[in-house]
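In what follows, a structure is listed as structure tokens, so that the remarks can point back to it.
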Amino acid sequence: MGKNKLRKFAEVEANPLVLQYPFGRLSTEQFPLRGRWGADFFHNDNPIVLELGCGKGEYTVGLGRHFADRNFIGIDIKGARIWSGATQALRDGMTNVAFLRTSIELLEHFFAPGEVSEIWITFPDPQMRKASKRLTGTRMMAMYGRLLAEGGKVHLKSDSPFLYEYTSLMARHNGLTVEQCCDDIYGTYGTGTPLTDIRTHYEQQWLDRGLTIKYIRLVPGTTSLEEPPGAEDIPLDTYRSYSRGYIQMPDQMPEINNE
Ligand SMILES: C[S@@+](CC[C@H](N)C(=O)[O-])C[C@H]1O[C@@H](n2cnc3c(N)ncnc32)[C@H](O)[C@@H]1O
């Protein structure tokens, strides 16, 4: 491992805004802040907002600056990515921001039912072949429904036409309330909203490649959900391979379609 990465890991370890709780420990003891984030970490009872797969944490820190009366927790499995947002938040003395290094699938070990007010999902892998791993798939959406307080919202910001269409179809099929949806936020809203004024690392890369950015805000509720029929007919994104993380360069993307 490179020196730089080792230094970041050490700094993340020492950063009081970052919580890391090894999976092994969860099998023998309960995470102490579960159900107590407000009382024991933030020392207030303000709403708690999560950013899943936060990467460098642009939304966690950006929304934290924007909304002083809410608490934000960025969640990612990769410590070297979290380092960026956590270092900024610590340097700026932010008291409404934290980072949790864990797997999203384990969220219910870290948050009690109803403890969360909103969830942001920013530029996730669309998992075109695996609905069960998709962050807006019904399995994950049901988990969000258990974690969210009544009326709690999920925000999805994505470059992926596949994920946008799938999430819209999933919401429609299950009768979920979609409060806002837009397939081109920069073309539609311009600036002056956190939706376009906060830009993530991956988002900038997609914008540089000429893609439009999509947004959906919905309320998952607590009713049981089923995968929507017809999802298998949604066109796959042409600019991704099916293996994780592989992105074609612009000169290899002749058939890109932003509609
Ligand atoms: C495509 S990146 C997007 C990062 C950031 N949101 C952005 O827009 O720049 C996806 C992020 O999700 C994280 N991730 C993927 N699967 C995860 C999981 N199961 N649990 C926690 N983090 C995960 C990755 O480590 C990565 O940082």
Side-chain angles (χ1 to χ4, degrees), residues 1 5 8-9 12 18-23 26 31 49-64 72-89 97-111 116 118-144 147 154-164 166-167 185-186 194-209 211-216 237 239-249:
M1 190 181 300
K5 218 169 193 179
K8 285 183 177 173
F9 279 136
V12 160
V18 182
L19 292 119
Q20 310 193 59
Y21 212 75
F23 180 62
L26 289 174
F31 179 65
V49 182
L50 308 183
E51 183 189 5
L52 306 186
C54 68
K56 297 184 174 194
E58 289 90 347
Y59 261 83
T60 301
V61 173
L63 290 173
F72 296 89
I73 305 173
I75 294 163
D76 204 289
I77 197 71
K78 295 198 175 155
R81 291 198 180 162
I82 279 178
W83 173 86
S84 197
T87 303
Q88 267 182 60
V97 163
F99 287 88
L100 177 62
R101 185 176 175 204
T102 191
S103 170
I104 294 161
E105 288 79 1
L106 299 177
L107 279 187
E108 285 176 287
H109 287 276
F110 294 93
F111 298 94
V116 176
E118 291 179 48
I119 293 176
W120 280 79
I121 308 172
T122 50
F123 299 89
D125 184 323
Q127 296 285 358
M128 292 187 280
R129 290 269 159 106
K130 289 176 229 140
S132 63
K133 287 187 134 195
R134 205 169 289 150
L135 290 191
T136 58
T138 53
R139 174 174 161 255
M140 301 301 275
M141 206 49 80
M143 177 175 72
Y144 308 151
L147 292 172
V154 170
H155 308 250
L156 168 71
K157 209 177 168 191
S158 176
D159 54 284
S160 166
F162 171 86
L163 192 60
Y164 181 71
Y166 165 81
T167 307
I185 56 168
Y186 289 94
L195 255 192
T196 50
D197 288 351
I198 304 173
R199 204 171 277 188
T200 76
H201 178 72
Y202 272 79
E203 178 172 10
Q204 188 58 56
Q205 293 191 5
W206 294 122
L207 286 167
D208 291 346
R209 290 175 164 95
L211 293 172
T212 54
I213 304 303
K214 295 124 188 32
Y215 171 74
I216 300 185
D237 298 339
Y239 57 98
R240 292 173 189 268
S241 81
Y242 305 127
S243 57
R244 282 175 73 90
Y246 178 77
I247 297 166
Q248 284 190 304
M249 296 306 287

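Since the model is a prediction, treat every value here as computed from it, not as a measurement. Counting starts at 1 for both ligands and their atoms, following the listed order.
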Anything under 30° is parallel, anything over 60° is perpendicular, the rest tilted; go ahead and classify Phe110 against Tyr21. perpendicular
The atoms of ligand 1 lying under 4.0 Å from a heavy atom of Cys54, numbered in the order shown, are 5 (C), 6 (N)
Rounded to the nearest 0.5 Å, what separates atom CE in Met143 from atom CG in Leu106? 8.5 Å
Ranking Leu52, Leu135, Ile104 by closest non-hydrogen atom to atom 18 (C) of ligand 1, top hit is Ile104
Check: Tyr59 side chain, Leu195 main-chain N or O, donor-acceptor pair, under 3.5 Å: yes
Is a donor on one side and an acceptor on the other found under 3.5 Å between the side chain of Arg101 and the backbone of Gln20? no
Who gets closest to atom 25 (O) of ligand 1 by heavy atom: Thr102, Asp76, Leu100? Asp76
Heavy atom to atom 26 (C) of ligand 1, shortest distance: which of Arg81, Arg101, Glu51, Lys78 holds it? Arg81
Could a heavy atom of Pro124 be found less than 4.0 Å from some atom of ligand 1? no
I'd like to check whether Gly53 has a polar contact with ligand 1, where a contact means an N/O of the residue lying under 3.5 Å from an N/O of the ligand. yes
Summary of salt bridge (Lys or Arg N to Asp or Glu O under 4.0 Å) pairs that have at least one residue in residues 154-164, sequence neighbours excluded: Lys157-Glu203, Asp159-Arg240
Atoms of ligand 1 under 4.0 Å from any heavy atom of Phe123, numbered from 1 in the order shown, are 1 (C), 2 (S), 3 (C), 8 (O)
cation_pi(Arg209, Tyr239) dist<6.0 Å, angle<=45: no
Show me which atoms of ligand 1 lie under 4.0 Å from any heavy atom of His201. 9 (O)
Is there any N or O on Glu203 that sits under 3.5 Å from an N or O of ligand 1? no
Can you see which heavy atom on Asp76 is nearest to which on Ile82, and at what distance? O-CD1, 3.5 Å
State, to 0.1 Å, how close Leu100 and Phe111 come at their nearest heavy-atom pair, and which atoms those are. CD2-CE1, 3.9 Å
Does the N or O separation between Thr200 and ligand 1 drop below 3.5 Å for any pair? yes
Please work out, at 4.0 Å between heavy atoms, whether the side chain, the backbone, both, or neither of Lys56 comes within that distance of ligand 1. neither
